[in-house]
**Q** 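Submitted below is the structure of interest, expressed as structure tokens.
So you know, we letter chains A, B, ... as the sequences are listed, proteins then strands, and number each from 1.
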Amino acid sequence: MTNSPYLPVVVLLLAAIAFTVSPLVLAWLWAKKFSPHKPGPSKNAIYECGLESAGDAWVQFKPGYYLYAIVFLVFDVEAVFLLPFAVAFTGLTAAESIAMLVFLLLLVEGLVWAYQKKVLVWT
Amino acid sequence: MDEKLKVELGKQGIFTTTLQELYNWGRRNSLWPLNFGLACCAIEMIATTMARYDLARFGAEVFRPSPRQADLMIVAGTITKKMAPQVVRLYNQMAEPKYVISMGACAISGGPFKQGYNVLKGIDRYIPVDVHIPGCPPRPEALIDAFITLQKQIDEQQLTGVGRPRHLDPDAPSEFIVPQFGPHDLEPPQNPDVWRPPLVNISLAGKNESGND
């Protein structure tokens with residue numbers, strides 16, 4: 001055991017634990033002996049900027065923005081893939097063209113869905 | 001321990017101390033002010049922390065943005081009646097031990113705005129102030145002087161017994177009344193446990209009746 005190469009590591013580990021835990025224990029003992037515990041409504045308040053917190057933090061937000069994000073994705077991804085598709089169009093086989101058209105169809109479906117949801121209507 | 005014996009031991013290279021001295025030494029040299037300015041005095045407070053005046057020499061350079069981590073409140077500036085509840089609540093939210101420096105004429109008494117309808121006539125109406133600094137605004141040297149005064153005050157505090165500071169006394173309050181911003185004035189207009197209006201008519205002295213402000 002004394003010849004184990006990990007012995008210094010264990011010693012250092014113990015020293016590190018003692019170094020970190022002892023101030024906490026000392027502070028706890030000090031509080032027990034001298035410094036009385038004094039909680040209060042202001043001190044225990046969650047918000048700490050001098051103002052009283054108003055209302056509940058568990059409120060609902062309308063996540064309307066995700067619709068814009070989806071529509072943006074439809075046009076953005078479409079543009080990113082359509083340009084290489086157009087450049088390589090003459091050299092593509094029929095299967096590849098059909099795969100690309102299926103992809104386009106999916107995006108168009110998304111657009112139709114957004115149209116039905118009246119996302120495109122500017123209110 | 002006898003003071004002479006302590007000095008004699010110190011000459012021989014033996015350092016002696018008491019728990020109280022060690023405690024006060026630690027508190028005195030690690031005053032963390034609250035990062036909180038109200039008016040133009042705050043500019044002088046900022047200047048005090050900067051390189052030219054360098055408050056860090058006294059262990060107080062760490063201005064904390066949260067009252068949970070601060071133990072010194074420098075009331076630097078005019079306290080409007082709208083702001084007073086927030087100041088008191090911030091003081092309440094600070095962890096013990098906590099100290100207050102009332103910086104400048106406004107924080108002491110309302111200063112040049114004392115006649116204003118919406119100016120609190122001194123923060124010591126609501127919270128216990130340790131050091132007052134006069135001036136409009138006080139120079140950074142004055143703030144440093146207040147710091148040293150506060151450090152001296154801390155150094156003389158007792159750990160146990162009757163004269164011990166508030167935070168060591170289980171019966172002493174840690175939080176003070178937060179005034180409400182009422183339609184005419186703050187309610188209550190002062191905390192009677194902390195401050196009472198001074199007597200203005202000497203004939204009333206002893207009759208337990210105080211003058212009006």
**Q** Taking only heavy atoms into account, what residues of residues 137-151 of chain B are found under 4.5 Å from chain A?
**A** none
**Q** Which region of B:Val87, side chain (C-beta onward) or backbone (N, CA, C, O), has a non-hydrogen atom less than 4.5 Å from a non-hydrogen atom of chain A, or is it both or neither?
**A** neither
**Q** Please determine, among A:Pro36, A:Gly40, A:Ser35, the option with the most heavy-atom pairs under 4.5 Å with chain B.
**A** A:Pro36
**Q** Salt bridge check, B:Arg89 against A:Glu52: does any charged N sit closer than 4.0 Å to a carboxylate O?
**A** yes
**Q** Which bit of B:Pro65 is near chain A, if near means a heavy-atom gap under 4.5 Å: side chain, backbone, both or neither?
**A** neither
**Q** Where is the tightest heavy-atom contact between B:Glu175 and A:Lys43, given as atom of each residue plus distance?
**A** OE2-N, 2.7 Å
**Q** Counting only heavy atoms closer than 4.5 Å, note whether B:Glu96 contacts chain A via side chain, backbone, both or neither.
**A** both
**Q** Do you see a donor-acceptor pair shorter than 3.5 Å between the side chains of A:Ser42 and B:Gln93?
**A** no
**Q** About how many Å separate CG of B:Asn92 and CG of A:Asn44, when rounded to the nearest 0.5 Å?
**A** 11.5 Å
**Q** Does A:Trp30 have more than 12 heavy atoms from other residues, nucleotides or ligands lying within 6.0 Å of its CH2?
**A** yes
**Q** For B:Arg57, look at atom CZ and say whether over 12 heavy atoms of other residues, nucleotides or ligands are found less than 6.0 Å away.
**A** yes
**Q** So, does A:Lys38 use its side chain to make a donor-acceptor pair with the main chain of B:Ala172 at under 3.5 Å?
**A** yes
**Q** Select one option (side chain, backbone, both, neither) describing which atoms of B:Met83 are under 4.5 Å from chain A's heavy atoms.
**A** neither
**Q** Of the non-hydrogen atoms in B:Gln86 and A:Gly50, which two are nearest, and what is the gap between them?
**A** CG-O, 3.5 Å
**Q** Which distance, rounded to the nearest 0.5 Å, do you find between the CZ of A:Phe34 and the OG1 of B:Thr160?
**A** 7.0 Å
**Q** Please report the closest heavy-atom contact between B:Pro67 and A:Glu48, naming both atoms and the distance.
**A** CD-O, 3.2 Å
